[in-house]
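Okay, so here's the structure we're looking at.
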Amino acid sequence: IGQASQTIYIENQYLTSQVIVDALARKLIVFNGPLITFIMPYEYGGGFERYGIAYLRNKALKRLRQFDLNKRFGAYCPNGSSPLVGKKKVHAKVLIVDDEFLCVGSANMTLRSFRLDSEYNVSLRAEGQQRIRRFIAETRERLRSRQVNIVPAPIHEDRQHWYNRMIANLAERDSPLFSKFRMLSP
């Protein structure tokens, strides 16, 4: 996160780790820092999650919004449902930074996952290899597009253009996106 310059894309069930929140906040105060997209659940199931985790998540989001003077942070959640699948759930643990770093695993963005639980993540660094950069970029575009139900953008598409296109789609009340996705604002 600390090395990001263009984009940070995160899908995670939770956001309660102060270390992660601080790292994201430091990127938000940089004048021309990265666009940050965080996909997370709108609501949680059990009592502890519903009250404890949701409270801490909303506190983290409020703090990030305070640092987001340039409107580069977006926290989104699917809220659509399907007769075949039921309510759409976010359970993924993915972090993609620029087209340089991809991390997938079982760790939530909580102190417990980082220190107590037995979690495993696998990461991939491009280290200048174009083939790996392309793979990471394509993975990010597939994930973003799947979440907002749009055709994947060309890899070379400007990050601000993609963000503006997604926000415009979300803003249209008659858009199929509006029924499946909403912006979180605690």
Side-chain angles (χ1 to χ4, degrees), residues 1-41 53-77 90-130 132-148 153 155 157-164 166-167 183-186:
I1 291 173
Q3 295 177 2
S5 62
Q6 298 294 310
T7 59
I8 298 173
Y9 177 86
I10 303 168
E11 285 189 33
N12 205 288
Q13 188 174 359
Y14 303 122
L15 174 62
T16 63
S17 167
Q18 197 60 50
V19 173
I20 298 293
V21 172
D22 289 346
L24 293 171
R26 282 191 297 274
K27 297 315 280 185
L28 289 170
I29 61 174
V30 174
F31 172 69
N32 196 20
L35 286 174
I36 302 171
T37 304
F38 203 121
I39 309 295
M40 60 181 63
I53 297 293
Y55 170 78
L56 294 172
R57 187 251 338 247
N58 291 343
K59 185 176 170 182
L61 290 174
K62 186 175 183 180
R63 180 156 184 258
L64 290 171
R65 290 207 197 312
Q66 290 172 341
F67 284 93
D68 189 21
L69 303 178
N70 298 302
K71 304 296 182 213
R72 292 189 324 264
F73 175 73
Y76 306 96
C77 62
V90 176
H91 195 73
K93 285 85 173 172
V94 179
L95 169 66
I96 301 174
V97 176
D98 298 331
D99 297 338
E100 291 292 327
F101 181 78
L102 167 66
C103 182
V104 179
S106 63
N108 288 304
M109 292 194 167
T110 65
L111 187 60
R112 179 184 173 115
S113 280
F114 294 151
R115 296 222 173 135
L116 297 174
D117 294 340
S118 297
E119 306 287 0
Y120 294 95
N121 283 23
V122 176
S123 61
L124 176 65
R125 288 186 185 273
E127 296 180 342
Q129 296 182 45
Q130 284 305 110
I132 296 174
R133 284 181 55 88
R134 189 171 18 263
F135 171 77
I136 292 172
E138 289 171 355
T139 300
R140 183 192 66 239
E141 290 306 313
R142 279 195 307 271
L143 288 170
R144 287 196 309 193
S145 300
R146 177 189 56 131
Q147 289 294 359
V148 296
I155 298 308
E157 184 174 286
D158 178 78
R159 65 188 175 121
Q160 189 64 46
H161 176 75
W162 179 88
Y163 184 77
N164 290 341
M166 184 176 83
I167 295 302
M183 190 164 194
L184 287 173
S185 54

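Residues meeting the side-chain hydrogen bond (donor to acceptor under 3.5 Å, both in side chains) test with Q129, sequence neighbours left out: none.
One distance of note links CD1 of I8 with CZ of F38; it measures 11.0 Å at 0.5 Å rounding. Here the CG atom belonging to L61 is positioned 10.0 Å from the CG atom belonging to L24, to the nearest 0.5 angstrom. Note that CZ of F73 is 12.0 Å distant from CG of L35, once rounded to the nearest 0.5 Å. To the nearest 0.5 Å, atom CD1 of residue I10 and atom CG of residue L15 are 7.5 Å apart. The structure places CD1 of I1 at 4.0 Å from CD1 of I20, a figure rounded to the nearest 0.5 Å. Atom CG of residue L143 and atom CD of residue E11 lie 5.0 Å apart, to the nearest 0.5 angstrom.
I96 approaches D98 most closely through the heavy-atom pair CG2-O, 3.7 Å. Nearest heavy atom pair, residue N121 against residue C103, reads ND2-SG, 3.4 Å.
For CZ of F101, the number of neighbouring non-hydrogen atoms (other residues, nucleotides, ligands) closer than 6.0 Å is greater than 12.
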Determine, step by step, whether Q13 and K93 satisfy the side-chain contact (heavy atoms from CB on, under 4.5 Å) criterion, reporting the C-alpha distance in whole Å, the side-chain angles of both residues, the deciding distance to 0.1 Å, and the verdict.
-> CA-CA 7 Å; Q13 188 174 359; K93 285 85 173 172; 3.5 Å; yes
Mind running side-chain contact (heavy atoms from CB on, under 4.5 Å) on V21 and T16 for me, showing each step along the way?
-> CA-CA 8 Å; V21 172; T16 63; over 6 Å; no
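For the side-chain contact (heavy atoms from CB on, under 4.5 Å) test with D99, the passing option among R134, E138, R133, Q6 is R133; the others fail.
Remark: side-chain polar atoms of R63 are not paired, donor with acceptor, to backbone N or O of Q18 under 3.5 angstrom. Between the side chain of R72 and the backbone N or O of F31, at least one donor-acceptor pair lies under 3.5 Å.
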